[in-house]
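Before any comments, here is the structure.
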Amino acid sequence: MREKRYNAIITGVGMYVPEKIYDNAYFEKIVDTNDEWIRTRTGIKERRILDKGGTSVLATKAAEDLLKSKNMSADEIDVIIVATVTPDMFFPATACLVQENIGAVNAWGFDLSAACSGFLFAFQTGCSLVESGDYKKVMVIGADKMSSIVDYTDRNNCILFGDAGAAVLIEPTEDKNYGLQDSLLRVDGSGKDVLNMKGGGSLNPPTHETVNNNMHVLFQEGKAVFKVAVKGMADISYDLMKKNNLTGDDIAYLVPHQANLRIIGATAERMGISQDKVMINIDRYGNTTAATIPSCLAEYYRAGKVKKGDKIILSAFGAGFTWGASYLVWSMD
Ligand code: COA
């Protein structure tokens, strides 16, 4: 491992989910599905839906929640990174909208697009900025309004996703025992054909034809993605543990991307981690893309379940393909 000037630690968490709920019974009314199928195949019982506004609403409210919980002023923030695949607009970046909303007058920032691995990649990026010594307070937000790109006539996919935003604050410490210890991150563009949104970009700019051909919604071949996701997430998490001489017993929590409870179960099993040490909120929120990992961290920390010194593995897989795992030691009391 290379020598770092500082270690990057998480010093705050925040999250937001909208009030409106789509439970499984709702989907029974709009597509040919049933509660039992959804629960047993995915682990999802309900998801949250944002009616008004774009992803910046979710991201802003998560950021405000974090600031409030730390009693901290937004002008202290140096950098805002928003991981999202559902930005309010192509440009300006959602990070700019959040900056204005919260009044982070001294910050710069940008959006990062890595789908379900978005938070993991943004977290690594934020940590690297802090480790360099150049920045002291980096806010990393994962937020997605998935309901804006879901086709609610497609039963294979519409039941999977929900809307949420969640944030962490990253700061430096000289104590190398805490914070981000190591990561393994990967992309493989050969996965582009099985999980994508074809319309709206420079390849297929919006036209009547792209709208008629339903190209502005999430497309996924679920079974194909499922297979590579199980292997990708499990293998990289296992490799990261091996690389750092960790066994399942050493780990306090696995924080997996919440795409499907069966993918999560397979990952935990491969790592030798018992199910009680796996953070889960897919049952209540579904797959919220970039918000899954930070919302789990926020909920479990606030419930008093995460302690200083806990060894934690974050793990994700998503469109691209993108995937990876990060190993950190929790530093907050
Ligand atoms: N309700 C009822 N039946 C459904 C259904 C629904 N909502 N969606 C699909 N089915 C049907 C299928 O049409 C299929 O029927 P058939 O056998 O007659 O063709 C059957 O259920 C089984 O479908 P299959 O695709 O084999 O199910 P699965 O076990 O692979 O589960 C997913 C489907 C989507 C839940 C699963 O593949 C998955 O989670 N994939 C990864 C998803 C993901 O979240 N990726 C995001 C980034 S990682």
Side-chain angles (χ1 to χ4, degrees), residues 22-47 83-86 113-121 142 144-164 185-197 217-237 254-268 270 278 280-293 295-296 314-325:
Y22 280 176
D23 60 10
N24 291 346
Y26 171 83
F27 289 92
E28 290 179 351
K29 285 183 235 142
I30 63 167
V31 290
D32 180 14
T33 190
N34 59 77
D35 174 53
E36 207 257 331
W37 191 96
I38 300 172
R39 270 190 294 105
T40 53
R41 308 299 272 197
T42 71
I44 302 168
K45 293 179 187 149
E46 55 186 47
R47 330 91 191 109
T84 186
V85 285
T86 53
S113 169
C116 294
S117 306
F119 177 79
L120 205 61
F121 287 16
D144 272 297
K145 182 178 176 174
M146 293 307 289
S147 62
S148 67
I149 58 166
V150 163
D151 175 358
Y152 283 97
T153 64
D154 171 10
R155 73 168 181 173
N156 295 290
N157 290 309
C158 69
I159 50 122
L160 296 172
F161 296 95
D163 304 337
L185 306 171
R186 300 280 184 271
V187 299
D188 178 358
S190 69
K192 64 187 179 303
D193 296 329
V194 291
L195 182 48
N196 57 47
M197 190 171 88
V217 295
L218 176 145
F219 168 85
Q220 172 171 244
E221 285 178 29
K223 201 170 249 182
V225 175
F226 186 88
K227 275 190 201 148
V228 275
V230 165
K231 188 163 164 36
M233 232 166 98
D235 282 356
I236 208 150
S237 306
L254 166 66
V255 193
H257 169 57
Q258 314 274 307
N260 186 313
L261 204 53
R262 290 182 291 143
I263 301 177
I264 294 171
T267 303
R270 174 99 158 91
V278 182
I280 300 287
N281 64 17
I282 188 173
D283 52 332
R284 287 170 293 130
Y285 306 136
N287 182 350
T288 57
T289 303
T292 57
I293 289 175
S295 62
C296 277
L314 316 179
S315 179
F317 190 94
F321 295 124
T322 57
W323 72 106

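In this text the structure is predicted, and so the values were computed from the model without any measurement. Order of appearance sets the numbers: ligands from 1, and atoms from 1 within every ligand. Nothing fancy with the numbering, it's 1 onward along the sequence.
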Heavy-atom contacts with [X] under 4.0 Å: which atoms of ligand 1 show up? List them by number with element.
{"X": "Arg262", "result": "28 (P), 29 (O), 31 (O)"}
{"X": "Asn287", "result": "44 (O), 46 (C)"}
{"X": "Thr42", "result": "35 (C)"}
{"X": "Asn260", "result": "35 (C), 36 (C), 38 (C), 39 (O)"}
{"X": "Val225", "result": "45 (N)"}

Which residue and heavy atom of the protein sit nearest [atom], plus the separation:
{"atom": "atom 25 (O) of ligand 1", "answer": "Lys223 CE, 4.1 Å"}
{"atom": "atom 15 (O) of ligand 1", "answer": "Arg155 NH2, 4.2 Å"}
{"atom": "atom 33 (C) of ligand 1", "answer": "Trp37 CH2, 4.0 Å"}
{"atom": "atom 47 (C) of ligand 1", "answer": "Cys116 SG, 3.6 Å"}
{"atom": "atom 1 (N) of ligand 1", "answer": "Thr33 OG1, 2.6 Å"}
{"atom": "atom 27 (O) of ligand 1", "answer": "Arg41 NH2, 3.6 Å"}
{"atom": "atom 9 (C) of ligand 1", "answer": "Asn156 OD1, 3.0 Å"}
{"atom": "atom 45 (N) of ligand 1", "answer": "Gln220 OE1, 2.7 Å"}

Does some side-chain heavy atom of [Y] sit less than 4.5 Å from a side-chain heavy atom of [X]?
{"X": "Leu218", "Y": "Phe161", "value": "yes"}
{"X": "Asn287", "Y": "Thr292", "value": "yes"}
{"X": "Thr267", "Y": "Pro256", "value": "no"}
{"X": "Ile44", "Y": "Ile159", "value": "no"}

Only distances under 3.5 Å count here; give the side-chain donor-acceptor pairs of residues 224-236 to other protein atoms, sequence neighbours excluded, each with its distance to 0.1 Å.
unit_1 : atom_1 : unit_2 : atom_2 : d
Lys231 : NZ     : Asp235 : OD2    : 2.5
Asp235 : OD1    : Arg270 : NE     : 3.2
Asp235 : OD1    : Arg270 : NH2    : 3.1

#### Entry: Close approach of Ile38 to ligand 1, heavy atoms, under 4.0 angstrom
no
Could you tell me the separation between the [atom1] atom of [X] and the [atom2] atom of [Y], rounded to the nearest 0.5 Å?
{"X": "Ile30", "Y": "Tyr152", "atom1": "CD1", "atom2": "OH", "answer": "7.5 Å"}
{"X": "Thr289", "Y": "His257", "atom1": "OG1", "atom2": "NE2", "answer": "6.0 Å"}
{"X": "Tyr26", "Y": "Arg47", "atom1": "OH", "atom2": "CZ", "answer": "10.5 Å"}

### Task
Examine the side chains of Asp144 and Thr84 and answer whether a donor and an acceptor come within less than 3.5 Å of each other.
yes
### Task
From the options Gly43, Gly222, Ala115, select the one whose nearest heavy atom is closest to atom 40 (N) of ligand 1.
Gly222
### Message
If you scan the protein for heavy atoms around atom 18 (O) of ligand 1, do you find one that is closer than 4.0 Å?
### Response
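Within 4.0 Å of atom 18 (O) of ligand 1, no protein heavy atoms are found.
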### Task
For Ser237 and Ala325, indicate whether the former's side chain and the latter's backbone hold a donor-acceptor pair under 3.5 Å.
no
